[in-house]
Structures are given as C-alpha cells and as structure tokens.
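Just so it is clear, the values below take in all heavy atoms, side chains as well, and ignore hydrogens, waters and symmetry mates.
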Amino acid sequence: MELLRLGAVGEERPYVRATDGTTYDLSSVTADIDGAFLASDGIARARAALEAGSLPAADVEGLRIGAPIAKPTAVVCIGQNYAAHAAESGAEPPKEPIVFFKHPNTVVGPYDDVLVPRDARRTDWEVELAVVIGKTARYLSSDEEALACIAGYAVSNDVSERAFQLEVSGGQWSKGKCCETFNPLGPVLVPADEIGDPQALDLKSFVNGEPRQASNTRDMIFSVAALVRDLSQYMTLDPGDIVNTGTPEGVALSGRFPYLAPGDVVECEIQGLGRQRQELRQA
C-alpha cells in the first residue's frame, strides 16, 4: 500500500492506495499523515482498515498531491554519501557522515513548482531516498534497531543553490538548501516493510526529459541503517522527521550539465516509490 495526502496547500487529507490502484479515504483512521499518526502505529492501523474493507473508496481525480508527510519537525540531510558524487564535487569520500539541515518548510508536494531564489545563479537538482522516521531514534546500538525506527520511504529532491551554499555563505551548506520549495517530497510514502532492502533501489533524475542521474542505493557510502544509527548518537529523531540520505553523481555541480533556470522541468524517480516532476519559475 501507499500513503498519500491530497488536496490544496494547507487542506490536504489522508488517503491510502491499495495494490490494485484503488484509492481510499483514510480520514476515519487519522486526521493527517504526520508524526503523531506514525508514532501511534498508524501504518498498521491503516493496513488493518484497508484489509478489513472498512475504508470508503475515493474519487481523487484532479486533486493536487501534497507531500506524504505533514509538517515534519526536522529535515536532516547527508552530504556526499555516494563516492562518485563526492568526486564530482571535488572532495574525498567522507570518513564520517556529513550532516546538514533543511528548514522543514522547504517540503512541498512532488508536483509543486520550485521557485528559483532571487540572485540565484547555480540552482541544482539532487534525487535522494528520503527516510521517514516512525519511532523515536535515540542512542541506537545496532543497524537492526535503526531499521526498526523507520516508518517508510519516499522520493526527495534536495534542490540546492550552489552559489548560496559554497560562495556567498563561505561554505554554510544550509544557506543554499533552505530556500522556499527546495524539498519536493513524494508522491507517496511506502511502508518500510513493503520496500524490503533499502540498499537495492534504482534512483534517477531528468532535466527537460534528458537523463542526469542514474544510480542505485547500494552505492551509498553509509547505509540507511548506519545513517539513522549514527544520527541517533548526536540528536533525537522523532516520528515524522525526514532524513535525506544523499545524492549520486550527475548534478550540475559536476560541470557536465548546465544549472537550472526558470522554465526547466526536473523529474526524480526511485524504484518502488514513484516519480515526481517540478517546473521551475522565478521567486
């Protein structure tokens, strides 16, 4: 099954899509898909209601698809977690995870417009596997404990303004990561137990229909489990928090492709998690 939120900005409602493609209204189970829902065994309750046939089918034609998680309290990001991307960035593969943050209000729907910031010169794309936390992660001691804290996964585009990230800010990454609309998420949240091995997922990106990134999560330097375990030593991850796990090679920063401009279209997809699409326009 897939969890999703549909409706106008600020008016999204919770839905679940069954394996046969039918979408059901989930509002009898929860008011929204958020940290409280995940913390209260919401995925299991949604699955039980779906299997029991107690949810009404919904006509969702024409409804906007919002981010599959409402109001995450944190968006934690990992830099240079693919060796080839580190190399194209001019850096050695990190020996410890590189951690930075995006403001939670950067999270938007998977088909919403991305706004190019004023004075931007080097706007870039980054397809990433997003981990959505389902249980409090604090001082975890094993990969198994880390995986047990994950509710599910989604497609994330860690949009970046490299001039703000690397030039204007003197290397303060978050300044180039926190511009409005800079984290399209979704279209769906897929429960972790329906994905299987998170280190075996193809991920791709396209700009104006042309291929840019094509890799697999097996190429991560630090696995999903290792990242969640490591982060839990330095911060407490709460249900509903998002961890963007890094991007593979093939971004504009490499010098192989032009940076983005208003009118460009970016598409990101991950095996089993769907595909998202954004058009860029000027802020």
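- In this model, no donor atom of one side chain and acceptor atom of the other lie less than 3.5 Å apart for T247 and E126.
- A side-chain donor-acceptor contact under 3.5 Å links N216 and D202.
- Between R162 and E167, no side-chain nitrogen of the basic residue sits less than 4.0 Å from a carboxylate oxygen of the acidic one, so the salt-bridge criterion is not met.
- F182 and L185 fall into different hydrophobic clusters, where Ile, Leu, Val, Met, Phe, Trp and Tyr side chains are chained together by heavy-atom contacts under 4.5 Å.
- A salt bridge links D112 with R64: at least one charged nitrogen is closer than 4.0 Å to a carboxylate oxygen.
- Side-chain contact check for V265 versus V207: every heavy-atom pair is 4.5 Å or farther apart.
- The shortest side-chain heavy-atom distance between S156 and I242 does not fall under the 4.5 Å cut-off.
- Counting heavy atoms from C-beta on, the side chains of Y82 and S215 come closer than 4.5 Å.
- T123 and E161 share a side-chain donor-acceptor pair at under 3.5 Å.
- Taking a 6.0 Å sphere around CG of D119, one finds it holds 12 or fewer heavy atoms contributed by other residues, nucleotides or ligands.
- Side-chain atoms of R277 and Y111 form no donor-acceptor pair, as typed in the model, at a separation below 3.5 Å.
- P248 places none of its side-chain heavy atoms less than 4.5 Å from the side chain of D219.
- Between L38 and I43, some side-chain heavy-atom pair lies under the 4.5 Å cut-off.
- Crowding of R256 atom CZ: a count of heavy atoms from other residues, nucleotides or ligands under 6.0 Å exceeding 12.
- Of all non-hydrogen atoms in V99 and M235, the two that sit nearest each other are CG1-CE, 4.3 Å.
- There is a path of hydrophobic side-chain contacts, each under 4.5 Å, that joins I78 to L147.
- Counted within 6.0 Å of CZ on R138, heavy atoms from surrounding residues, nucleotides or ligands total 12 or fewer; the atom is thus considered open.
- Inter-residue side-chain proximity for S205 and C268 is flagged as met; some heavy-atom pair is nearer than 4.5 Å.
- Note on D124 versus K177: no salt bridge recorded, every NZ/NE/NH1/NH2 to OD/OE distance being 4.0 Å or above.
- Judged purely by atom type and a 3.5 angstrom limit, T217 uses its side chain to pair as donor or acceptor with the backbone of P198.
- For the residue pair S141 and R229, no side-chain donor N or O sits within less than 3.5 Å of a side-chain acceptor on the partner.
- Residues M1 and L50 meet the side-chain proximity criterion, which asks for heavy atoms closer than 4.5 Å.
- Of all non-hydrogen atoms in A283 and L115, the two that sit nearest each other are CB-CB, 4.0 Å.
- A donor-acceptor contact closer than 3.5 angstrom links the side chains of Q278 and N157.
- Applying the salt bridge (Lys or Arg N to Asp or Glu O under 4.0 Å) test between E267 and each of R212, R275, K204 identifies R275 as the sole match.
- Using a 4.5 Å cut-off on side-chain heavy atoms (C-beta onward), L253 and E88 make no contact.
- Two different hydrophobic clusters hold V108 and L189 under the rule that ILVMFWY side chains link at heavy-atom gaps under 4.5 Å.
- Residue pairs meeting the salt bridge (charged side-chain N to carboxylate O under 4.0 Å, His left out) criterion with at least one partner in residues 230-246, sequence neighbours excluded, do not occur; the list is empty.
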